[in-house]
Amino acid sequence: MRLSVCFFLFLFSHNLFAQCAKDKTVHVGIGATWPPYVMYQQDRAFGLEIDISRKVFQKAGFCVEFVRLPTTDRAIKELSIGLVDALPSSSFNIEREKIAAFTAPYRRERMRLFTHLPVEPINDLKTLFDQKMSFVINPGAFYGDEFDGHFQKSENKTLFAFVKSIKQRMSMVHLKRVEFLVEDEMAGLYYFSTYRGGNIQLHPYIVNDNPIHFMLNRERFSEQDILKINNAISLLQEEINTIIDRYTTSNT
């Protein structure tokens, strides 16, 4: 396992001049390019989640190293076995709580539908699943209890495609290989800010609206550490909102 991880993990230190004790360095797992949350310029990671993670953990007394991981699924596995210490941009669910501690929320996330079809209002997702519509999603991501209920049904398994890159997910909708993409609203609209052409539309239905947390490896962080991180989130909330507004403004 550790040998295979070497092919996927790339450390991005943002504390090159800081001398941090080993127990004060937090390895934060981040995934593939997902603007505006995570982006890369050569080996440098930047974006909304990078800025927030750095501020929160440094405020709590830690140095930060970012660890690049290929998928959300893989990130959660690495967290569960201690190869990374924390994951940002995490939605809470019962299964995840079994393997990780959750911090206080630091922002909200809205999951939306993007489609090439004519937009017709719906009251629930059951309408789309009854029509056997197909979906492309990010492997390992959580899209809320309503979506997960349909996802877990064996008769729906053939309706899903799993693609780790938002560019490729958008492309599948644009090329009409699937009917719907389920995507974070800000990420989808940010992609539109650089995307030209095509016939993709934002559907009015909100799949899920929920708070976002850091997931923490329980063996790495004590209860006192978690309290410090939660306190940092509380003290930095105004700055966090400013970061979110900055990236939202860039999006629009």
Polar contact flag, side-chain donor to acceptor under 3.5 angstrom, E97-N93:
no
Q.
Side chains of T127 and D130 only: does a donor on one sit below 3.5 Å from an acceptor on the other?
A. no
- Item | Sub-4.5 Å side-chain heavy-atom contact between Y37 and D184 | yes
Can you say whether the rings of F160 and F162 are parallel (under 30°), tilted (30 to 60°) or perpendicular (over 60°)?
-> tilted
Side-chain heavy atoms of I76 within contact of L87, under 4.5 Å:
yes
Any side-chain donor near an acceptor of the partner, Y247 and D51, under 3.5 Å: yes
In terms of side-chain heavy atoms, does T25 have a donor or acceptor partner in E65 at a distance below 3.5 Å? no
Tightest non-hydrogen contact, residues I99 and S80, listed as CD1-CB, 4.2 Å
* To do: Using the six-membered ring of Y205, assess whether NZ or CZ of R112 lies under 6.0 Å from its centre and within 45 degrees of the ring axis.
  => no
The reported gap from OG in S134 to CG in L181 (rounded to nearest 0.5 angstrom) is 11.0 Å
(Q) One pair to check against side-chain contact (heavy atoms from CB on, under 4.5 Å): I244 and I52. What are the steps and the verdict? (A) CA-CA 9 Å; I244 294 169; I52 293 175; 4.3 Å; yes
Is the closest side-chain donor-acceptor distance between T115 and Q201 under 3.5 Å?
no
| query | Under 30°, 30 to 60°, or over 60°: which ring-plane class applies to F214 and Y106, parallel, tilted or perpendicular? | reply | parallel
Closest non-hydrogen atoms of S91 and R96, given as atom of the first, atom of the second and distance, are O-NH1, 3.0 Å
Taking CD in E238 as the centre, count heavy atoms belonging to other residues, nucleotides or ligands within less than 6.0 Å. Is the count above 12? no
Please work out which of the three classes, parallel, tilted or perpendicular, describes the rings of F62 and F57, given edges at 30° and 60°. perpendicular
Rounded to the nearest 0.5 angstrom, the CG-CG distance for L117 and N199 is 9.0 Å
Quick check on K167: does its NZ atom have over 12 non-hydrogen neighbours (other residues, nucleotides or ligands) under 6.0 Å away? no
* Asked: Is it true that the NZ or CZ of K228 lies under 6.0 Å from the centre of F221's six-membered ring and within 45 degrees of the ring axis?
  -> no
Cationic N near anionic O, under 4.0 Å, E49 to R107: yes
One should read off an interatomic distance between R54 CZ and C63 SG, to the nearest 0.5 angstrom, of 12.0 Å
When rounded to the nearest 0.5 Å, the distance separating CD1 of I226 from CD of E223 is 5.0 Å
Partner of E183 under side-chain hydrogen bond (donor to acceptor under 3.5 Å, both in side chains), picked from Y191, W34, Y143, is W34
- Item | Crowding at CD, E219 (>12 non-hydrogen neighbours, <6.0 Å) | no
V163 and V136 have their tightest heavy-atom pair at CG2-CG2, 3.7 Å
Original post:
Under 6.0 Å between the ring centres of F135 and F129?
Top reply: yes
Output for pair (M172 CE, H116 NE2), nearest 0.5 Å, gives 10.0 Å
Should we count CD of E155 as having more than 12 external heavy atoms under 6.0 Å?
yes
